[in-house]
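Please read the structure below before turning to the comments.
Positions are given from 1 along the sequence. Remember, it's 1-based here, ligands and their atoms both numbered in the order they're listed.
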Amino acid sequence: MKIAVYPGSFDPMTNGHLDIIKRAAKTFDKVYVAILNNSAKTPAFPLSQRIDWLKRATKELDNVEIDSFSGLLVNYANEKNANIIIKGLRAVSDFEYEFQMALTNRALSPNIETMFLMTNGKYSYLSSSIVKEIARFGGSLNGLVPDFMIEEVTNEITKNQ
Ligand code: ADP
């Protein structure tokens with residue numbers, strides 16, 4: 001079994017994330033989408049909300065499971081018997097940090113391989129921060145997040161302003 005973990009904040013999930021999830025689901029037997037629950041960071045959206053959006057967006061993908069974790073990613077991956085970590089790469093600017101993380105994770109757990117999926121050209125500029133910024137100033141989220149999320153993301157962002 002090729003079991004992979006795709007970690008991230010998913011604050012909120014975007015179509016860029018979903019594209020990576022769908023492609024990973026075709027390549028691996030099982031994919032855990034693992035939301036980092038980091039007490040040092042204050043996310044814009046509660047964990048339960050981020051889980052719910054990911055679950056709804058991936059409900060047709062039988063081999064994808066939505067989960068959350070705290071602590072070291074390699075410990076979580078080992079718990080799940082996963083030996084692959086998936087990362088998306090958007091631009092050269094992602095590379096340096098991801099390179100450092102991949103080497104760190106290999107040093108911590110040499111049995112785990114990090115694999116990079118290149119962004120879909122359509123989403124190369126897309127990030128959770130961009131989505132929040134657009135929502136905050138009343139722009140359209142069409143095509144950036146799944147349709148069912150648009151109103152919920154916008155309401156949640158504007159209610160906190
Ligand atoms: P972001 O970087 O958007 O704040 P995350 O920390 O949740 O989001 O990212 C989780 C993973 O998804 C990372 O590996 C990141 O590089 C990847 N990712 C995020 N957005 C995209 C995108 N538009 N295309 C490809 N990969 C992406």
Side-chain angles (χ1 to χ4, degrees), residues 3-28 30-58 61 64-74 76-77 80 82-106 108-109 112-137 139-147 149-150 152-154 156-157 160:
I3 305 177
V5 172
Y6 176 41
S9 308
F10 305 103
D11 188 38
M13 186 202 88
T14 69
N15 281 338
H17 293 133
L18 191 55
D19 181 69
I20 297 284
I21 295 170
K22 286 182 176 164
R23 285 157 58 198
K26 280 194 220 155
T27 312
F28 303 105
K30 172 98 191 175
V31 177
Y32 289 97
V33 179
I35 308 179
L36 174 63
N37 193 7
N38 182 348
S39 53
K41 272 194 191 169
T42 314
F45 303 99
L47 179 64
S48 55
Q49 174 78 84
R50 287 178 282 152
I51 291 178
D52 179 64
W53 283 332
L54 277 162
K55 280 194 172 162
R56 283 153 73 193
T58 60
L61 303 170
V64 172
E65 193 172 318
I66 310 304
D67 197 7
S68 65
F69 76 104
S70 48
L72 287 179
L73 175 61
V74 288
Y76 172 79
K80 295 291 173 191
N83 53 5
I84 299 149
I85 293 172
I86 299 161
K87 292 297 189 97
L89 276 186
R90 276 163 293 193
V92 181
S93 52
D94 280 342
F95 178 80
E96 201 163 341
Y97 174 74
E98 294 298 353
F99 184 63
Q100 185 184 20
M101 288 308 298
L103 294 186
T104 303
N105 286 331
R106 181 179 300 156
L108 291 171
S109 194
I112 298 177
E113 200 64 66
T114 301
M115 296 197 170
F116 294 96
L117 293 182
M118 207 55 71
T119 185
N120 181 325
K122 278 199 292 197
Y123 304 128
S124 60
Y125 66 95
L126 188 51
S127 70
S128 298
S129 316
I130 291 277
V131 165
K132 284 179 277 200
E133 198 77 356
I134 293 172
R136 198 165 292 132
F137 296 113
S140 166
L141 295 181
N142 231 326
L144 307 186
V145 299
D147 289 346
M149 283 174 60
I150 293 179
E152 291 172 33
V153 170
T154 309
E156 185 89 14
I157 289 278
N160 296 326

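- Any N or O atom pair closer than 3.5 Å counts here, and L126 shares at least one such pair with ligand 1.
- Rounded to the nearest 0.5 Å, atoms CE (M13) and CG (D52) are 11.0 Å apart.
- Proximity of R90 to ligand 1, defined as any heavy-atom pair under 4.0 Å, is confined to the side chain (atoms from C-beta onward).
- The closest side-chain heavy-atom distance from T27 to L117 is not below 4.5 Å.
- Interface of S127 with ligand 1, defined as ligand atoms under 4.0 Å from a residue heavy atom, comprises 3 (O).
- We find the CG-OH distance between D67 and Y76 to be 3.5 Å, quoted to the nearest 0.5 Å.
- In terms of polar-atom proximity, defined here as any N/O pair under 3.5 Å, Y6 does make such a contact with ligand 1.
- To the nearest 0.5 Å, atoms CD1 (I66) and CZ (R50) are separated by 12.5 Å.
- Atoms of ligand 1 lying under 4.0 Å from any heavy atom of G16, numbered from 1 in the order shown and given with element: 22 (C), 23 (N).
- In this structure, P7 is part of the shell of residues with a heavy atom less than 4.0 angstrom from ligand 1.
- The protein heavy atom nearest to atom 6 (O) of ligand 1 is S9 N, 3.6 Å.
- Using a cut-off of 4.0 Å between Lys/Arg side-chain N and Asp/Glu carboxylate O, K41 and D11 are scored as not salt-bridged.
- Put simply, no part of T14 is less than 4.0 Å from ligand 1, judged by heavy atoms.
- Protein heavy atom in closest approach to atom 9 (O) of ligand 1: H17 NE2, 3.4 Å.
- Of all the atoms in ligand 1, the ones that sit under 4.0 Å from a non-hydrogen atom of K87 are 14 (O).
- With hydrogens and angles ignored, the 3.5 Å screen pairs a side-chain donor or acceptor of R23 with a backbone N or O of M118.
- With distances taken over non-hydrogen atoms, the option nearest atom 7 (O) of ligand 1 out of F116, Y125, F10 is F10.
- Residue I20 touches ligand 1 through its side chain alone, judged by heavy-atom distances below 4.0 Å.
- Interface of Y123 with ligand 1, defined as ligand atoms under 4.0 Å from a residue heavy atom, comprises 22 (C), 23 (N).
- Shortest contact from atom 3 (O) of ligand 1 to any protein heavy atom: S128 N, 3.1 Å.
- Here the OH-CG distance, from Y123 to L144, works out to 9.0 Å after rounding to the nearest 0.5 Å.
- More than 12 heavy atoms of other shown residues, nucleotides or ligands fall within 6.0 angstrom of atom OH in Y125.
- Each of the following atoms of ligand 1 lies closer than 4.0 Å to a heavy atom of T119: 22 (C), 24 (N), 25 (C).
- Near G8, the atoms of ligand 1 lying under 4.0 angstrom from a non-hydrogen atom of the residue are 7 (O), 10 (C).
- Of the protein's heavy atoms, G88 CA, 3.5 Å lies nearest to atom 26 (N) of ligand 1.
- Within the model, atoms CD1 of I86 and CD1 of I20 stand 8.5 Å from one another, a figure rounded to the nearest 0.5 Å.
- Of the possible donor and acceptor atoms, one in the side chain of S127 sits under 3.5 Å from a partner among the backbone N and O of I130.
- By the neighbour-count criterion of 12 heavy atoms within 6.0 Å, atom NZ of K30 is densely surrounded, having more than that number from other residues, nucleotides or ligands.
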